Amino acid sequence: MTKINTKIPDVKDLLWKITLQVFKNKLLINNLFSTDIGKLLIEKLDQETDISKFQWNFKSNGSRNLLQSYFIPHFLEKCINIVNSKYNEFSKLFEILEKEILLSNDFTYRLKIPIFRIWFPENVKIIHFDKKHHLRDIREEELPYGDKEPLCKFKDIPSSWSRLREKQPEASFEIELRIPKRLNHEAVYEPNFTPTAPFNPLEGTNPILEKVRSLYAFFLIYNPLYSIRPFTIGDKFFVKLPPFSLNYQDFTIHTYNEFPPPSGVLDLKNNNKLNDWKDCWKNNYSAFYKKYYRWTKVDEDIRIFRYALEVLGTIPSIHYVKIKNFLIISTLEGLLFHEKIKKKLKITTNEKRRPVIHAFCKVCGDQNEYWQFIFQRKFPLKIKLNSFKTEKELKELLGCAYNYRNNIAHPNKIKTIKLKPKSLCPPLSNESDEKILDGVISSNFHLFILFLLKTWVKKKFKNVDEWMDYLLKIS
């Protein structure tokens, strides 16, 4: 009977017999695996070592099986809807089931991600970063993926954004994501990532959402300018599931407000800039992704790095300045405080202020970043400083920021804010020192976090221990 090449002829022949029965009685799909022929199919699948070597179980009100709950039933539904008892049509569908589901080492997902604020080179419609990552210009396409749900909504602007200010997405990041199957001795699939229904957007361990996060983070960290957001992603993206996962393959995954509203622009108009980004991707993306966006639970050794990245994505959406500034200063402390630096400075109290300020200035000196644009607003230098002439001012500013943070944390112990250095106070200003400090922190301190993360990546640190060792070494 088997006419088309297959590595599992017994499974194919039995599924054909089942298909013929299902064609006569569609209700058989619902209780197939409680029937004799369904139990025989389970035996055949278990006997094939190239199938049974994989983990097919997942947790959902007990333990269930992906093949029995999803892939086989939806395969049969496709057969009776399309085949109409024609064996050759069945064989074509079975070839997909065999190669992409039963014997494949991976589950393959195809992502389509709306990208806002990107400038393309003239006459370039697709930018190929590598074989699995493509950036497509969709500015002139009203429906880049057709008029069927859900992709007909691909160019929708998030409802929380201003309709007057924002334009539709200029690009689509098209990605092929292969997620290795678990082997039968590995853990069953958890509810946060069921391969056939990976729709939980709030779980940091969901590998599909992790992939989308990695794109935003990569272009943020490797942006040579201190533009905080070179582009952004909307409140949803689209994923094509592996064959026979569900009745339909295209689905929407909502990110809600995880990514900030548009601010900066990823400028690829100039071929030199485009080539620089392609080289940067080629040299760095794979290692960056594997190091910081693992497919397993995020470990403690990179948690502080990931947390700081999440803060950078979150703060543009926080409208209360004091809450935003409190979060920024606290995140800086988390990145910089080291107990051994405190001992090195012979501090015997619980104070964290001086160790944090000391560590930050040491990183600045080591990386030749002196923040002259903050302190020399009136007479900005045309060339960058080559010595740390702003260190005193920087320490004073950071000290004021701690006083500001402590006033928020301890409202029963409010102390008057006195802005230092005084040069930050605009001439003839009637605003209080605290109000001016509000603006200085809000405008600049998120760049301090980005600077530290850029340094972490530049140094190729694998975990927080290596980062902390670096802080101690330069202190």
Side-chain angles (χ1 to χ4, degrees), residues 100 104 106-148 150-157 167-180 198 206-223 229-243 249-253 255 258-259 262 264-290 292-293 295:
E100 298 191 37
S104 172
D106 311 296
F107 290 119
T108 300
Y109 304 83
R110 289 174 171 81
L111 281 58
K112 300 176 180 68
I113 308 162
I115 302 295
F116 294 80
R117 295 204 180 184
I118 286 188
W119 293 340
F120 277 78
E122 190 176 354
N123 299 322
V124 173
K125 290 298 180 183
I126 297 181
I127 296 170
H128 300 278
F129 287 104
D130 57 42
K131 291 181 180 179
K132 296 180 181 179
H133 299 83
H134 313 289
L135 192 61
R136 173 180 163 190
D137 183 354
I138 60 170
R139 288 172 297 177
E140 297 176 4
E141 300 179 59
E142 183 178 351
L143 295 168
Y145 298 107
D147 59 358
K148 292 184 179 179
L151 286 165
C152 61
K153 298 180 179 179
F154 189 86
K155 294 190 75 171
D156 285 2
I157 301 173
K167 297 180 180 179
Q168 291 180 311
E170 288 92 348
S172 171
F173 227 127
E174 299 178 341
I175 298 170
E176 179 185 290
L177 175 62
R178 292 181 178 270
I179 299 179
N206 184 314
I208 292 178
L209 185 55
E210 288 290 273
K211 183 66 178 180
V212 178
R213 287 170 173 154
S214 77
L215 296 177
Y216 177 80
F218 176 81
F219 284 93
L220 172 66
I221 293 293
Y222 284 94
N223 186 11
R229 294 175 292 278
F231 68 78
T232 196
I233 296 168
D235 58 358
K236 60 182 177 291
F237 63 95
F238 303 85
V239 57
K240 185 174 184 179
L241 302 177
Q249 277 190 271
D250 290 306
F251 285 86
T252 304
I253 295 184
T255 63
E258 177 159 341
F259 301 101
V265 176
L266 180 62
D267 182 1
L268 303 177
K269 283 194 300 185
N270 182 292
N271 280 327
N272 289 335
K273 289 183 179 179
L274 173 58
N275 290 333
D276 286 346
W277 269 116
K278 291 175 75 171
D279 289 342
C280 181
W281 179 281
K282 179 181 178 181
N283 296 328
N284 299 295
Y285 176 74
S286 180
F288 178 81
Y289 174 55
K290 290 176 182 177
Y292 302 116
Y293 292 86
W295 288 340

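All heavy atoms count here, side chains included; hydrogens, waters and symmetry mates do not. Throughout, residue positions are numbered sequentially from 1 according to the sequence presented. It should be emphasised that the depicted structure is a prediction, and the values quoted were computed from it without experimental measurement.
- A cation-pi contact links Lys112 to Tyr145, judged by a cut-off of 6.0 Å to the six-membered ring centre and 45° from its axis.
- Heavy-atom neighbours of Lys236 NZ from other residues, nucleotides or ligands within 6.0 Å: above the threshold of 12.
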Margin query: Determine whether Phe129 and His134 satisfy the following criterion, side-chain contact (heavy atoms from CB on, under 4.5 Å), listing intermediate values before the conclusion.
Written below: CA-CA 6 Å; Phe129 287 104; His134 313 289; over 6 Å; no
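- Taken from CG in Leu209 to OG in Ser214, the straight-line distance is 10.0 Å, to the nearest 0.5 Å.
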Checklist line | side-chain contact (heavy atoms from CB on, under 4.5 Å) between Leu215 and Tyr285, worked out | finding: CA-CA 9 Å; Leu215 296 177; Tyr285 176 74; 4.2 Å; yes
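- How far CD of Glu176 is from NE2 of His133: 9.5 Å, rounded to the nearest 0.5 Å.
- At least one donor-acceptor pair under 3.5 Å links the side chain of Arg136 to the backbone N or O of Pro144.
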Next item on the list: Check step by step if side-chain contact (heavy atoms from CB on, under 4.5 Å) holds for Asp137 and Val124.
Entry: CA-CA 8 Å; Asp137 183 354; Val124 173; over 6 Å; no
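- Taking all atoms of both residues into account, the shortest heavy-atom contact from Pro262 to Arg117 is CB-NE, 3.2 Å.
- Relative to the six-membered ring of Tyr293, Lys211 misses at least one condition, a distance below 6.0 Å or an angle of at most 45° to the axis.
- Taking CD from Glu258 and CD1 from Ile233, the interatomic distance works out to 9.0 Å, rounded to the nearest 0.5 Å.
- Between Ile127 and Phe173 there is no side-chain heavy-atom pair separated by less than 4.5 Å.
- Screening Asp267, Leu266, Ile118, Leu268 for a side chain to side chain contact (heavy atoms under 4.5 Å, CB included) with Pro230, the sole residue that qualifies is Leu266.
- A distance of 15.0 Å separates CG in Asn272 from CH2 in Trp277, rounded to the nearest 0.5 Å.
- In this structure, Ile208 and Ile179 have side chains that are in contact, with non-hydrogen atoms separated by less than 4.5 Å.
- Atom CD1 of residue Ile115 and atom CD of residue Glu170 lie 10.0 Å apart, to the nearest 0.5 angstrom.
- Residues Pro198 and Asn206 come closest through the heavy atom pair O-ND2, 3.5 Å.
- Among Lys240, Arg178, Glu100, the one residue that satisfies the side chain to side chain contact (heavy atoms under 4.5 Å, CB included) test with Thr108 is Arg178.
- The aromatic ring centres of Tyr216 and Phe259 sit less than 6.0 Å apart.
- Phe251 has its ring centre no less than 6.0 Å from the ring centre of Tyr109.
- Aromatic ring centroids of Phe238 and Phe154 lie under 6.0 Å apart.
- Heavy atoms from other residues, nucleotides or ligands lying under 6.0 Å from CG of Asp147 number 12 at most.
- Across all non-hydrogen atoms, the minimal contact from Pro121 to Leu274 is CG-CD2, 3.6 Å.
- To the nearest 0.5 Å, the span separating NZ on Lys167 from NZ on Lys155 amounts to 11.5 Å.
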Item checked: Asp235 vs Asp156, side-chain contact (heavy atoms from CB on, under 4.5 Å): CA-CA, chis, key distance, verdict -> CA-CA 10 Å; Asp235 58 358; Asp156 285 2; over 6 Å; no
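- The two atoms that bring Phe120 and Arg139 nearest to each other are CB-NH2, 3.7 Å, heavy atoms only.
- The shortest heavy-atom contact between Thr252 and Pro150 is OG1-CB, 3.2 Å.
- The number of heavy-atom neighbours closer than 6.0 Å to NZ of Lys153, taken from other residues, nucleotides and ligands shown, is 12 or below.
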